[in-house]
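A quick write-up on the structure given underneath.
As the structure is a computational prediction, the values presented were derived from the model and not from experiment. In each ligand, atom 1 is the first atom listed, and ligand 1 is the first ligand listed.
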Amino acid sequence: MYKRILDHLNGAILLFDRDLSLTYLNSAGEILLADSSRHLVGLSANEIFKSSDPALLLNLQQCLTMAEPLLDRELILDRMTHSITINFSATPLLKDEQVDEILVELQQVDNHLRISKEERLLTQQNTARMLVRGLAHEIKNPLGGLRGAAQLLDLELRDQDLKEYTRIIIAESDRLQGLMDKMLGPNKLPNKKAINIHEVLERVRQLVQAESNLTIKSDYDPSIPDIYADKDQLIQAILNIAKNAVQALNGEGDILIKTRIHRQVTIGRKRYKLAVKCDIIDNGPGIDADMMNQIFYPMITGRADGTGLGLSIAQALINQHNGLIECTSEPGNTVFSIFLPIISQGETDND
Ligand SMILES: Nc1ncnc2c1ncn2[C@@H]1O[C@H](COP(=O)(O)OP(=O)(O)OP(=O)(O)O)[C@@H](O)[C@H]1O
Ligand SMILES: [Mg+2]
């Protein structure tokens, strides 16, 4: 009787036992998790939520230990093909004053919530990038003067020992100049033409392979139509991501570049009929959870010799193409996904 009622509810209901194994889920739960109850019942919460937001599992554990109900909002739930945003609530069911079972309700949050979050993030990243650009611009001007003066002084000096100092000033100004140019990032508007995404990827593969002895595997969908884009800018963006993978692997591991076509994809606020999704996957150590939210900001680096500009520039370049870069990571599986809308030359991409 109760099962019938539960099966007719719109909300997804899951029941876990005290070992956090799933004992029941209603029909809405099957739909939300995109799997049958026959498959899922008996699995541990760990397995069911393995590639989803880690908060899901932590919340369940907390509900179990504290024996108190718990609410959490806007968590990412991973389903085989794509992820959705959900609100989560867990209620402990007590027996003899001990938690016997946990009742979980999952509710899909409107798509636009996720979009607004995406937009907010992009705006924040943009602001941070503008700040860095402004700073670089301010430093560049006096730096030129400094270098010029050191050069003049160098010509005047007779004493070779003293020249040593002017050379250091010149060399260090050059190094700083290089860094400032990198901080300024792409300064050209994209020169868009119809191109094949695989040409871009093959070029990146060549460039990476010339510098490392890793083999890069590919899994391309040859049916992807041409995209309308600036080839050099795409090479630059994807190279920045691929180089990070090479550095993370440190000579040992695999990189896979994968392309697929997706239909009805929302990027930012706009829905596109077709988009290409290009994944750059490595099986290196992965990115720490606390680092994860920041990697696309300029000057954020986890490497001693990194400048932290690679991903910020890549995101800027892909944004100029109305696209988006996303990342998911766990040890042994880091995926950077680049979404690019497929727009023909005649179509405007601004409306
Ligand atoms: N595939 C990856 N595996 C592990 N960590 C990564 C990966 N990609 C990026 N990261 C982390 O993200 C950080 C930021 O990357 P980003 O490319 O923006 O800067 P960087 O590589 O440190 O410096 P730069 O690219 O400017 O030389 C890296 O320092 C690294 O800690
Ligand atoms: Mg980098």
Side-chain angles (χ1 to χ4, degrees), residues 51 54 121-122 124-133 135-137 139-140 174-187 200-201 203-205 207-219 232-259 277-320 323-339:
S51 37
L121 222 69
L122 280 180
Q124 283 172 358
Q125 288 168 9
N126 254 326
T127 316
R129 204 161 47 233
M130 296 293 279
L131 249 156
V132 167
R133 277 181 67 106
L135 188 71
H137 193 78
I139 295 176
K140 245 187 107 154
D174 285 345
R175 199 168 66 87
L176 212 53
Q177 181 86 27
L179 179 63
M180 292 309 116
D181 285 338
K182 205 171 163 194
M183 277 167 73
L184 279 169
N187 57 357
V200 171
L201 297 174
R203 181 83 189 115
V204 170
R205 198 150 83 129
L207 289 168
V208 172
Q209 231 142 32
E211 282 182 25
S212 76
N213 47 14
L214 294 168
T215 14
I216 301 175
K217 295 182 197 146
S218 57
D219 171 4
D232 290 338
Q233 291 196 346
L234 287 194
I235 292 175
Q236 177 69 61
I238 299 170
L239 189 62
N240 284 0
I241 295 173
K243 272 190 177 165
N244 284 344
V246 172
Q247 282 153 352
L249 288 174
N250 203 8
E252 222 172 292
D254 298 309
I255 297 177
L256 169 69
I257 306 184
K258 185 170 147 189
T259 56
K277 177 170 181 252
C278 166
D279 290 335
I280 289 134
I281 306 167
D282 73 73
N283 58 359
I287 304 169
D288 288 346
D290 43 341
M291 178 97 181
M292 194 63 181
N293 288 329
Q294 308 171 26
I295 51 171
F296 288 103
Y297 288 99
M299 316 304 282
I300 297 290
T301 180
R303 296 190 297 114
D305 58 347
T307 52
L309 291 169
L311 287 177
S312 148
I313 292 171
Q315 185 73 281
L317 289 169
I318 296 298
N319 285 169
Q320 284 197 7
L324 181 76
I325 309 176
E326 280 184 347
C327 173
T328 60
S329 177
E330 58 185 14
N333 190 36
T334 298
V335 185
F336 278 86
S337 305
I338 303 162
F339 292 89

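The closest approach between any non-hydrogen atom of D282 and ligand 1 is below 4.0 Å. Within the 4.0 Å heavy-atom cutoff, G284 does not count among the residues contacting ligand 1.
Between S51 and T328, every side-chain heavy-atom pair lies at or beyond the 4.5 Å cut-off. V335 has its side chain within reach of N333: a pair of non-hydrogen atoms, C-beta onward, lies under 4.5 Å apart. No side-chain heavy atom of M183 sits under 4.5 Å from any side-chain heavy atom of H137. With a 4.5 Å cut-off on side-chain heavy atoms, V246 and E211 do not count as touching.
Nearest protein heavy-atom contact of atom 30 (C) of ligand 1 is G302 N, 4.2 Å. Among protein heavy atoms, the minimum distance from atom 11 (C) of ligand 1 is reached at I295 CG2, 4.2 Å. The protein atom (non-hydrogen) at minimum distance from atom 3 (N) of ligand 1 is A248 CB, 3.2 Å. For atom 24 (P) of ligand 1, the closest non-hydrogen atom on the protein side is T307 OG1, 3.5 Å. When only non-hydrogen protein atoms are considered, atom 23 (O) of ligand 1 lies nearest to G308 N, 3.0 Å. For atom 14 (C) of ligand 1, the nearest protein heavy atom (residue, atom name, distance) is I300 O, 3.4 Å. Closest to atom 7 (C) of ligand 1, if we only count protein heavy atoms, is I287 CD1, 3.9 Å. The nearest heavy-atom contact from the protein to atom 18 (O) of ligand 1 is L311 N, 2.9 Å.
Considering T301, D305, V335, N244 only, the shortest heavy-atom separation from atom 17 (O) of ligand 1 involves N244.
Checked by distance only, ligand 1 and R303 come closer than 3.5 Å through their nitrogen or oxygen atoms. On a distance-only criterion, L309 and ligand 1 share at least one N/O pair closer than 3.5 Å.
No more than 12 heavy atoms of other residues, nucleotides or ligands lie within 6.0 Å of CE in M130, so this atom counts as exposed by the packing criterion. For R203, the CZ atom counts as loosely surrounded, since its 6.0 Å shell holds 12 or fewer non-hydrogen atoms of other residues, nucleotides or ligands.
Of the heavy atoms in K243, none comes closer than 4.0 Å to ligand 1. The proximity of F336 to ligand 1, defined as any non-hydrogen pair under 4.0 Å, is limited to the side chain.
For Q125, the side chain to side chain contact (heavy atoms under 4.5 Å, CB included) criterion is met by L121, L122, F296, Y297, Q315, not counting sequence neighbours.
Close approach of ligand 1 to K182 (heavy-atom distance below 4.0 Å) involves ligand atoms 24 (P), 26 (O), 27 (O). Contact atoms of ligand 1 toward G306: 22 (O), 23 (O) (distance under 4.0 Å to a heavy atom of the residue). Each of the following atoms of ligand 1 lies closer than 4.0 Å to a heavy atom of M291: 13 (C), 31 (O).
Under a 4.0 Å N-O distance rule, the pair K217/D219 does not qualify as a salt bridge.
Between the CG atom of D279 and the OG1 atom of T334 there is a distance of 12.0 Å, given to the nearest 0.5 Å. In this structure, CD1 on I325 lies 10.0 Å from OG on S337, to the nearest 0.5 angstrom.
For the side-chain contact (heavy atoms from CB on, under 4.5 Å) criterion with L311, the lone passing option out of T301, N240, N244 is N244.
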* Yes or no on side-chain hydrogen bond (donor to acceptor under 3.5 Å, both in side chains) for T307 and K182, after CA distance, side-chain angles and deciding distance? -> CA-CA 9 Å; T307 52; K182 205 171 163 194; 3.0 Å; yes

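Backbone or side-chain N, O or S atoms of N244 reach the Mg ion (ligand 2) at under 2.8 Å.
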